[in-house]
Structure formats: C-alpha cells, structure tokens
Amino acid sequence: MTLLTQLLRNKKAMVGVTILAIVILVAIFAPLLTEYSPTQRVGRPHQAPSADHLLGTTRLGHDVFTRLLYGARISLAVGFGAGLLITLIGTVLGIIAGYKGGVVDEVITFLTNMVLVIPNLPLLLVLAAFIGQASPLVIAVILGFTSWAWGVRVTRSETLSIRQRDFVKSAEMLGEPGWRIMSFEIFPNLISIVGINFIGSVLFAVITEATLEFLGLGDPNTVSWGIMLYNAQNASALSVGAWWDILTPCFALAVLGLGLALINFAIDEIANPRLRTGGMLARWTGLIRRGEGTL
Amino acid sequence: MAFLLRRVVFYLAAFIAAATINFFLPRLMPGDPIQKMFAGAGSDLSLENLNALKLTFGFIDAPIGEQYLAYLKSVFTGDLGRSVRFFPLPVTELLGRALIWTVGLVGTATLIGFTIGTLLGVMAAWRRGTRFDTVISLLSIFSSSVPAVVVSLITLFAFGYTLGWFPNGYAADPMLDPAWGWDYISSVLYHGTLPMLTMVIVLTGGFAVTMRNNMINLLGEDYIVMGRAKGLSDRGVMLWYAARNALLPTVSALAISLGAVLGGSLVTEVVFNYPGMGNTLYQAILARDYPVIQGALLIMTAAMLTANFVVDLSYVLLDPRLKRA
Amino acid sequence: MSDPVLSIRNLSIDYIGATSDFHAVKNVSFDIGKGEFFGLAGESGCGKSTIAFAISRLHRPPALIRSGSRILLDGRDVLTLDDQALKQMRWREVAMVFQSAMNSLNPVLSIERQFYDVLKTHTGMSRTEARARAAELLKLVDIPADRLTAYPHQLSGGMRQRVVIAICLALNPKLLIMDEPTTALDVVVQREILERIHKLRQELGFSVLFITHDLALMVQVSDRIGIMLEGELVEVNDAQAIYRTPQHDYTRKLWASIPRLTGKPIAEGATQ
C-alpha cells in the first residue's frame, strides 16, 4: 500500500485533511461566503453575534466572520511559505550532514545545536523589535531562516541509518556522484520524515506568526488571525465582554492546529506501524473473542 | 565526565553566540545604532551616563574587533547596562526579579507537566490499542497543537472572566507587599494558578506523546521479552524494563523542547500580566528599551543553557552507559 | 515417549493481518524427554522461534495460537493457565536464552539487580540471599562475583551470553530453550558455550530445546532433531539418523547444501 492509500484509510488523517481542506477552501472562496469587506466599518463597535453579523463585530465595527475568512489566507500563506522554507533548509542540511559525515557533519551539527539552544521566541521577538513592524512576508522569511534546526536533527539521524544500507553503498561503488546519491537514493526514503517535518513546520509557523502578531510585532493593517487577536486584546475584548472578538481567532487557530497535528500523527503511525492506535487490532480481537485462539 | 565537560564548552560557545547576536543587531539595522538604542532615555541621560552606557555596549571609538571585546567584557563581568526606561535601574536588577517569577512558573509547570505527561504516556503505551490509549493520544495531540496564546486566552476567559474563580492578572495581589508571610504566599499561589494551568496544559500533551511513542518503539526489544519470560509482574516489566529505558530519549526530548517551553511561558506571562522575564522583555520591546531587550535575550539564553545542563546531569544519572563509560 | 517434559500437540500459530493471515506454524507435534537435548532446525522464517515463544506464551498481537493446539509442560496445558499461574510457571519450569543475549539484558539495571528481580518474584528471597545465590550461579558459568555490580554494557558479548545462561538456571528449570544462542558469536566461543551447557545438563539434569539453522552443529550436540520447513515439522529423528539416513527431501537438500572439504559428497537419496 502506498503512503497515500494508507493515509486515506487512516481516520485521524482523514479528519485532519478534511479540516485543512475546509480552511483552504474557506480562504480561497472568502469573497463568495461573505458580503462584507474585512477592512470596512460595517457595523457598530462590538456588536454581539446576530443574523447580520454571524460572529459579531470588532471594536472598529469590522465584521468578525469576514475577517475570519479572509484572515485564513494570510495564516495559511505564511504557514505554508515559512513551513516550506524551514523544511527545505532543514532537509538539505540534514541530508548533507548525515551523508557526508566528517567535518561537514560536525560543523552543521554544531551550528544546529547552537540554534536549537538559543530560545526561539525571544530571539524572534528581539529580531522583530529591531526590524520594527514586520509584514507577514518578513515574518515568514525570519521564521524560515531561524527555525530549521529541529528538522536538521531528525533528517540527519534518518539519513545516517539509511546511509549504511546496501543500495547506497552499491551506488557509491558504481561511482555515482554524491549529489545524485543524496537526491535520488537517499531522499526518496525520507519522504515520511520530510512530510512530518513539513507539516510540523507549517504548524509551527502558523502558531508563531499568530503569536508575534498578537504581541504587536506585525503590521496592524494585515488581516490575519494573529492581528485579530492583537486587536481584540488591545480593545480589552475580554473585560468588556466581547468574547466573540477574541475567541473567534482562538478557535480558528486551535482548529487549524488540530488538523495539522492529526495529519502528522497519522503519518507517524503509518511510517511506524507500531505506533498505531486501535483499528488494525480489530480483526485479531474479534478472533480472540470468538474463542478461535489465544496468545 | 567527558560528556559533561563537552556540554559545558558547548554552552559557553552558545552563550557567546547570543552575545554576538546582541552585538551585531543594532549595528546591522538601518540608522544610527546609538541613537536607536538610547533615544528612549530622554532628558535623564547626562553625557556622563550616556558615555558609560556606550562603553558597556561596546560603542567605543575603536575598530569593530575591540568594540566586540569590550561588549563581551561587560557581559562577562555582569554589566548589562542600565534600563533606558527606568534609568538608572541596572538591567541585571530589573531582570533578576523577573527571572525569579519565570523560573518559579516555568520550573514548576515543567516538573508537573513532565511527571503527569510521562505517566500518562507510560499507561497509554502499556494499554496500547485500548480506548484509554486512543483517548490519551487524541487529547495529547490536541493539547500540544493548540498555541499557548490560545490556551492562555481561553483559560483566562473561562476561569478568569466567565467563572470568576481566579484573578485576571499579576503575580500577586498588587495591594500586598512582598513578604514571606502566608498572606502574600497564598496570594502568589492564587494568582499563579491560571498561568500554571495554562502551561501545564500546553506541556503535558507533548510529553505524553513522546513517552508513549518511545515506550512503544522499544516494546519489541529482547530485554522486554526476557523481562516477561522471567515471570515478572506486568507492572514490574512496564516500569523497570520499559519505562525506565524509554525515559532516556524522553529526557532528551525535554532538553530540545525547553526553547518552546520558554516561548510558551512568554506568551502566557503577557496574557496574564505576570511579571516574569517574558513579560518584561515584551514591555521593553513596546517601550524600545534596548538595553533591557538585549539583556533579556542574554539572560533567557543563559537560563536555557542552565536548564539544558541540568537535563544533561539527570541524563548522566539515568543512563549507566554514560556514568562509567 | 513416557513422561515427556514438553509435549506439543497440533500447534498452529497464525499472524493475523488486516485482510489475510500468515500461517507461521502448521499443526506441529513433538515431544522432548527428561534431560534430552532436542534440536529444531530450519531456515529463517520457518517458524522455529515462533514455537519457542509460544511455549512460555510470550507472543503479542497479531500472533494467535489457534484453538486445538496444546502445549503440555509436565502434563499441564500451558495454554489454559490463567495469568497468575502462567507467571509462576515462567522461568521456574521454562527458561529462555534469546537470540542476541547482548540485548536480552536490561541496559539500565545492574547484573545483580537482574538476578534479584527474578529471585524475589518467585522465591521471596531477600536482597542479601539473592546476591549470594547470584554469585553461586555466576560461578557455574565461570564469571567472578565482582561482576555483579557491573552493567551489561561493561561486559563482553560472550560474558553477557553466559550471564543470561546463569540467570536462566536461577530457578532450576526443567526446560531450557535456546534460540540461536551462538549465531552472533565466533566459533570458539560457540564451542565453549555448548560444552558448558553440556556440563551443566549433566549436573542439573534439565532438557534443552536448541533452535538453530546450523544443522551440522546440531548433529554434534543433539540427542534428537526436528526439521522444519515453512511452518511444518517435516522430519523428527535421532541425530545420527538425521545425519546418515535423512528421510525427507528437504533434509537431504539441507545436507547437500553444506560444502564438504574432503571425501565423497553426500548424494541425494544416499542410504547406508
């Protein structure tokens, strides 16, 4: 069974993919799902949810539901963009370190451990503080270039174990150049780990972008879930009782996070069949119950 | 021993790396670094004081190499300059107080989260395939994928505002003076409950999944089968053969996750207006108090490195293969 | 055979899959007598280790021992024992040396501790009593008592193998199962271990179920030998008979595949 087929049969993966698909569709079709513009004042400040405004309005009179839908675009864009960059850098460095070994490996590992040990969010905050207001693009770029370390570690250790395998050794003996071996022999065997790394990085990027914007380091004119949190917090939404203002982006982030995490867990289960929960044992349990055998 | 020594050297290098970042950041940004860094001080800054600050941060009339060394010297002699916002309060004093609150919150939350998480992970792995396992796995996935900012906001909303069971901010009742008496301590505990709850929720899931997966990965090992073949009790094999071995990679994972833990605590502190390092850094950023911003990065890195070292120590204690090589 | 230590009857074991099952052991029956050295030979994947695991019921899902199978240890059907009785039976009546003994020892516990846990569980011995007994057992395999405080990684592969054997004999079991115990070791150590087992058998009188793919080795040490092919027991006979007059086609093929240094090749269908 290919990875894809197995994914389709896995309940967690299906739920996760469905959630992700819904978010993506919502982001794409936002203008069709709402009549308002996300940046126009269309109602009174902090109106509670009603027929006109499904999720109420913000302090500036913007429709929360509309901002939710349009906000998905930025969150997804930064999430996948930064996620891609992080995974790319992490995978390339990881494979090179694992395959080449020696000095190259030591240097890369040293750098990686260094980056891992300096606390991520505080560093990002400091960088963002020096930069001033960071647009989502800038945020994506900073994230991409500072968060690849975990991916390198994981990719490197997988590469190390694959490196010893016979097909790699035979390719070397045939005189295949290093870069070819890394791209065509080793990389295809890392698909599941790269997949997990990618989804994990997307999750990380979505969360961190929202956090940075919540802390006021983003561009306040952006329409994203993080900025929604920032605005709501500044408007003291909780203390004035405008729960919809702050809980909407919270809920959106939680749901997207959950979807991505489920996909990741599912890929992990499939790549490592021992980790599976339920399902596969059903037939076995059935036989035991019917008295057809014992352990 | 050699292991620990290598780790210490590495940590030293990492600390210097953080200091290096601090050194280059203001110089790489557009504009005059001195103007940027000390502008917030306003009229409080006499020429004398300004010069002292410049010296601390290496803004001397000398080639960049010497500037760098001057800055490193300040850092290693404990001189992190003075806060521009609260001039002339030394940065170390300001951050020192904050550090205590953060260590208290993060330290306790990590201990609780790690303990509960690994216990749940052990049980889930042992009861693999049952409903318990499925439930715990799903809950863990959920709690580890929701961002700290969301968990803290929802906790604040649910228990702070809606149910009103806990206060909405601060480390203790602002009316009380800090003291070792029961009044103050109980206030600290009361105010700390929600931030602590948030952090424990954020942390536990990750540890549970990690421990569960590590246990499952080694359940096929020969020594586990031998443990069962010996007729030892299920609990005995689960604890002393499986869990005890799975603990090692889980503790490693703890070390790697410390950065994320610190990040999570930062956001939690901001949401609950808790006077820890994270909140202090945040306030400093809002006020453009650059000496404090840089000092906070250094101290947070130092805290991370120390915590990592503590984890390394416990790893040496736990793995006999490292104790006597 | 009268009064066998182990009697296996109609043993069938499957590995349950999502859509189909793999029949690892198909209706196998054989006995092992008191003090007998029984060899079970066959290539990898033929089911011999599966049988070994089944005797102490060490299997985990998706393995399934089909009903109708019987495994009688001294007359008692192991497959009907409840959890309590099963745990009491383990190690007391059947002990097992696993394929790579290097990995059979718990890496985070000292050697002494690994004797203590099994002695305490089964006999309630105190720590000091257990330590003394452990030292005794280590003497049986020529290991000095000071190694008790060591951890597995501090011992060589051969030493670890001997420690495992010592732990196996702790409760004086009636049957010792050895699953490819010497495959990962060099021939000299292999010989030493087998000689040691031979001596201990004479002293303590246990039976041995010896599992290997090395037929030539087995003939030298076993009383009787069973040949397994794809889950089925195709031939069982005295060691010499298996050697000189192999009945089953597969057995003959096994012999033919061993290169001889001198003399006439063992021709297919040869009888003497």
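Below, chains carry the letters A, B, ... as their sequence lines are ordered, and counting in each starts from 1. Just the heavy atoms: all of them, side chains too, but no hydrogens, waters or symmetry mates, feed the values below.
More than 12 heavy-atom neighbours from other residues, nucleotides or ligands sit within 6.0 angstrom of CZ on B/Phe157. No more than 12 heavy atoms of other residues, nucleotides or ligands shown are found within 6.0 angstrom of CZ on A/Phe145.
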task = List the steps, then state whether side chain to side chain contact (heavy atoms under 4.5 Å, CB included) holds for B/Leu138 with A/Lys12.
result = CA-CA 9 Å; B/Leu138 285 175; A/Lys12 291 192 195 63; 4.1 Å; yes

Verdict with reasoning, A/Leu203 to B/Ser145, per side chain to side chain contact (heavy atoms under 4.5 Å, CB included) = CA-CA 8 Å; A/Leu203 179 57; B/Ser145 66; 4.2 Å; yes

task = Check step by step if side chain to side chain contact (heavy atoms under 4.5 Å, CB included) holds for B/Leu305 and A/Val117.
result = CA-CA 7 Å; B/Leu305 299 176; A/Val117 106; 3.2 Å; yes

request  = Go through the steps to decide whether B/Leu262 and A/Leu121 satisfy the test side chain to side chain contact (heavy atoms under 4.5 Å, CB included), and finish with yes or no.
outcome  = CA-CA 8 Å; B/Leu262 200 59; A/Leu121 196 61; over 6 Å; no

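Note: B/Ile285 leads B/Ile285, B/Val271, B/Val209 in heavy-atom pairs under 4.5 Å with chain A. Chain A forms the most heavy-atom pairs under 4.5 Å with one residue out of B/Val149, B/Ile21, B/Val146, and that residue is B/Val149. Your options are B/Gly263, B/Pro147, B/Ser144, and the one with the most heavy-atom pairs under 4.5 Å with chain A is B/Pro147. Chain A forms the most heavy-atom pairs under 4.5 Å with one residue out of B/Val150, B/Leu156, B/Asn22, and that residue is B/Val150.
No part of A/Phe204 comes within reach of chain B, as not one of its non-hydrogen atoms sits under 4.5 angstrom from that chain. When heavy atoms are compared at a cutoff of 4.5 Å, A/Ile246 approaches chain B solely by way of its side chain, counted from C-beta outward. Residue contact with chain B, scored on non-hydrogen atoms closer than 4.5 Å, is absent for A/Leu124. Contacts between B/Val261 and chain A at a heavy-atom distance below 4.5 Å are absent for every atom of the residue. For B/Leu281, the part sitting under 4.5 Å from any heavy atom of chain A is the side chain, from C-beta outward, and nothing else. With a 4.5 angstrom heavy-atom cutoff, B/Phe15 does not touch chain A via any of its atoms. For B/Ala284, no part lies under 4.5 angstrom from a heavy atom of chain A. When heavy atoms are compared at a cutoff of 4.5 Å, A/Asn113 approaches chain B by way of both its backbone and its side chain. Using a 4.5 Å cut-off between heavy atoms, A/Leu217 contacts chain B through its side chain alone, with no backbone atom that close. For B/Leu153, the parts lying under 4.5 angstrom from a heavy atom of chain A are both the backbone and the side chain. Using a 4.5 Å cut-off between heavy atoms, A/Leu258 contacts chain B through both its backbone and its side chain.
Rounded to the nearest 0.5 angstrom, B/Leu297 CG and A/Ile118 CD1 are separated by 7.0 Å. Atom OH of B/Tyr282 and atom CZ of A/Phe214 lie 6.5 Å apart (nearest 0.5 Å). The CG atom of B/Leu258 sits 13.0 Å away from atom CG of A/Asn120, with the distance rounded to the nearest 0.5 Å. The structure places CG of B/Asn213 at 5.5 Å from CZ of A/Phe265, a figure rounded to the nearest 0.5 Å.
When all heavy atoms are compared, the tightest approach of A/Met114 to B/Ala14 is SD-CA, 3.0 Å.
The side-chain heavy atoms of B/Ile256 and A/Arg153, taken from C-beta on, include a pair separated by under 4.5 Å. Contact check for A/Thr211 versus B/Leu266: no side-chain heavy atoms found under the 4.5 Å cut-off.
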